[in-house]
Participant: 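Just dropping this structure here.
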Amino acid sequence: MSMPRTRCVVWIDPEQAPVIKRVLACADIELIGAGSPDSSRTGQVASDLGCEPVDDLRVALSNIDADLLILGNPAKFADQAVDADLDALKAAHARNLSVATLEPIPATSTGIGGTSFADVLGTGALNELVHMMPMTRHTPMIDELYTVLETFGPIRSCNITLGMPKLLGSLGARLFDAMDLIRSLVGVPNIIEAGYISPAAGRGMHPLPGQSLRYLHGEFTLNLRFSDGRCAALLITDQVGASTINMTMLSSEGHIIVDNAGFKWLNPAGEMIDSYTCPDTKGIDPAEIALTAQLIELCSGVGPKRAPIDYPGVLSMTHATLLSTRTGQGESPRAVEQLLLSM
């Protein structure tokens with residue numbers, strides 16, 4: 001007897017409808033409802049996807065009869081640490097409604113202390129309530145890379161370029177993804193120095209990020225310094241037509257080069273020690289493949305055992321980045337984390 005298909009509701013912008021439709025079809029997930037943060041466009045989203053309209057996100061989380069809800073654009077929902085939004089996520093979890101999001105929740109680090117969000121961040125329970133995706137750290141290639149790193153030894157320095165199309169998450173989402181990845185590879189840095197450029201920037205106009213990861217677009221560049229002298233440099237963007245990853249990592253055992261095709265480990269003499277080749281994507285964007293696979297893992301409960309997201313650590317790194325772009329100085333994630341949960 002075959003298992004019943006997962007029934008899904010999506011909360012997206014109309015522009016995201018084609019990619020979400022492709023991903024759900026590949027994952028064999030049944031779409032039963034759709035809504036949009038812009039209520040005037042809910043009908044268009046539902047019509048484009050051929051399903052019933054959903055008008056209220058919090059009501060859907062608390063009451064709708066479905067197995068999965070995907071937040072393509074949460075908009076103001078859980079942008080800040082609002083207890084009512086967390087209560088809606090807890091209600092969904094209590095009803096076995098899995099929630100996946102393409103944007104970080106919460107999206108700001110300020111105002112968390114003293115709220116219910118502080119509790120679920122501190123205990124790690126937020127990982128059970130909402131599932132951020134697509135996450136680079138949760139891809140098969142990175143799973144294989146971690147196996148190799150056990151022999152490669154501590155990473156001394158690295159350079160990472162990470163980009164995905166904005167329909168699969170804003171620049172803030174990519175920053176969160178990159179900070180989760182670098183934290184797992186090297187740790188939490190002592191200092192982050194960051195720059196930001198918006199696609200809207202021009203002569204005499206240079207907008208800077210605020211305190212939220214939502215609605216950011218463009219590029220970040222980061223220089224990370226660690227207390228033991230190690231270092232890392234990153235370029236992060238949501239302004240690419242196709243997903244890209246490029247990494248170079250160095251240790252006493254040589255260097256590893258990573259790209260969309262896989263990775264190679266060469267020793268200090270230039271000899272190949274190990275390698276991994278990704279399966280042929282057949283023209284499908286790697287981020288769509290990752291999102292499809294991570295949704296299947298979430299719905300089936302079957303997948304590799306991975307460390308949960310360290311939300312306090314990752315959010316402290318993302319918001320030290322935002323702060324550095326405004327101050328023009330290096331900022332400490334540890335200082336941000338202390339403020340995150342203590343206020």
Side-chain angles (χ1 to χ4, degrees), residues 132 134-164 174-194 219-237 240 243-281 286-287 289-290 293-294 297 303-310 312-314 316-318 320-321 330 332-334 337:
M132 176 75 182
M135 295 292 284
T136 301
R137 182 167 65 87
H138 296 172
T139 58
M141 178 173 70
I142 301 301
D143 288 336
E144 292 293 330
L145 178 62
Y146 285 127
T147 301
V148 169
L149 289 176
E150 294 176 3
T151 309
F152 184 71
I155 295 171
R156 188 171 65 236
S157 62
C158 66
N159 184 309
I160 299 176
T161 297
L162 189 64
M164 289 187 193
R174 298 287 63 78
L175 176 61
F176 185 94
D177 182 21
M179 294 301 93
D180 174 71
L181 178 63
I182 196 72
R183 183 204 164 278
S184 70
L185 291 172
V186 191
V188 176
N190 192 42
I191 293 292
I192 294 178
E193 296 179 353
E219 285 82 48
F220 282 117
T221 60
L222 292 81
N223 283 306
L224 282 58
R225 299 199 304 271
F226 296 80
S227 58
D228 58 1
R230 292 174 300 154
C231 54
L234 292 88
L235 169 62
I236 307 162
T237 181
V240 290
S243 299
T244 182
I245 182 171
N246 285 279
M247 301 168 55
T248 302
M249 296 169 286
L250 293 99
S251 80
S252 60
E253 298 298 323
H255 71 284
I256 295 177
I257 302 171
V258 182
D259 59 24
N260 283 0
F263 63 79
K264 298 177 181 179
W265 172 12
L266 289 83
N267 69 12
E271 301 164 332
M272 181 85 72
I273 301 300
D274 207 340
S275 66
Y276 173 81
T277 301
C278 295
D280 184 3
T281 65
I289 294 174
Q294 289 167 33
E297 288 179 8
K305 185 173 178 58
R306 304 183 180 101
I309 295 171
D310 171 22
V314 173
S316 71
M317 293 167 69
T318 62
T321 301
S332 166
R334 296 296 188 192
E337 184 173 354

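Values reported hereafter were calculated over all heavy atoms of this structure, with side chains retained and with hydrogens, waters and symmetry mates removed.
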Participant: With heavy-atom distances below 4.5 Å as the criterion, would you say the side chains of E219 and L235 are in contact?
Facilitator: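 A side-chain contact under 4.5 Å exists here.
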
Participant: So do the side chains of Y276 and V148 get within less than 4.5 Å of each other, counting heavy atoms only?
Facilitator: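 No, too far: nothing below the 4.5 Å cut-off.
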
Participant: Go through N190 and R225 one step at a time and tell me if the side chain to side chain contact (heavy atoms under 4.5 Å, CB included) criterion holds.
Facilitator: CA-CA 6 Å; N190 192 42; R225 299 199 304 271; 5.6 Å; no

Participant: Are M135 and I142 side-chain neighbours, meaning at least one heavy-atom pair lies under 4.5 Å?
Facilitator: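 No, every pair of side-chain atoms sits at 4.5 Å or beyond.
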
Participant: Would you check, one step at a time, whether the test side chain to side chain contact (heavy atoms under 4.5 Å, CB included) holds for F263 with M247?
Facilitator: CA-CA 9 Å; F263 63 79; M247 301 168 55; over 6 Å; no

Participant: Any chance you could measure L175, atom CG, to L162, atom CG, to the nearest 0.5 Å?
Facilitator: 10.0 Å

Participant: Tell me the side chain to side chain donor-acceptor pair (under 3.5 Å) pairs involving residues 243-256, sequence neighbours left out?
Facilitator: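 For residues 243-256: S243-D285, T244-N246.
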
Participant: Could you pull out the closest heavy-atom pair between A178 and L234, with the gap in Å?
Facilitator: CB-CD2, 4.0 Å

Participant: Just verifying a value: how many Å separate S184 OG and I309 CD1, rounded to the nearest 0.5 Å?
Facilitator: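 If I round to the nearest 0.5 Å, the distance is 10.5 Å.
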
Participant: Would you name the heavy atoms of M141 and G262 that are closest together and state the gap between them?
Facilitator: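 Taking every non-hydrogen atom into account, SD-CA, 3.5 Å.
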
Participant: When rounded to the nearest 0.5 angstrom, what distance separates SG in C231 from CD1 in I191?
Facilitator: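 So the gap between those two atoms works out to 14.0 Å.
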
Participant: Please examine the side chains of P304 and E297, heavy atoms only from C-beta on, and report whether any two atoms are closer than 4.5 Å.
Facilitator: yes

Participant: With rounding to the nearest 0.5 angstrom, report the NE2 to CG distance, H138 to D177.
Facilitator: 9.0 Å

Participant: If you compare all heavy atoms of R230 against all heavy atoms of I155, which two are closest, and at what distance to 0.1 Å?
Facilitator: CD-O, 3.0 Å

Participant: Grab the two heavy atoms, one from E337 and one from P312, that are nearest each other, plus how far apart they are.
Facilitator: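 The pair with the smallest heavy-atom distance is OE2-CB, 3.5 Å.
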
Participant: What I want to find out is whether R183 reaches D180 closely enough, with some N-O distance under 4.0 Å, to be called a salt bridge.
Facilitator: no

Participant: So which heavy atom on F152 is nearest to which on L250, and how close?
Facilitator: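 Looking at all heavy atoms of both residues, the shortest contact is CZ-C, 3.9 Å.
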
Participant: Answer whether the closest heavy-atom distance between the side chains of I289 and T139 falls below 4.5 Å.
Facilitator: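 No. Closest side-chain heavy atoms not under 4.5 Å.
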
Participant: Rounded to the nearest 0.5 Å, what's the gap from CG on L145 to CZ on R137? Could you check?
Facilitator: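 Output value for this atom pair is 12.5 Å.
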
Participant: Salt bridge (charged side-chain N to carboxylate O under 4.0 Å, His left out) with D143: which residues, sequence neighbours excluded?
Facilitator: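 Here the qualifying residues are R306.
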
Participant: Quick check: do V186 and M249 have side-chain heavy atoms less than 4.5 Å from each other?
Facilitator: no

Participant: With the side chain counted from C-beta on, respond yes when P333 and M179 share a heavy-atom pair under 4.5 Å apart, and no when they do not.
Facilitator: no

Participant: Rounded to the nearest 0.5 Å, how far does OG1 of T318 lie from CD1 of I192?
Facilitator: 8.5 Å

Participant: For A232 versus I182, what's the shortest heavy-atom pair and its separation?
Facilitator: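 What the structure gives for the nearest pair is CB-CD1, 4.0 Å.
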
Participant: Does the side chain of R174 come within less than 4.5 Å of T237's, by heavy atoms?
Facilitator: no

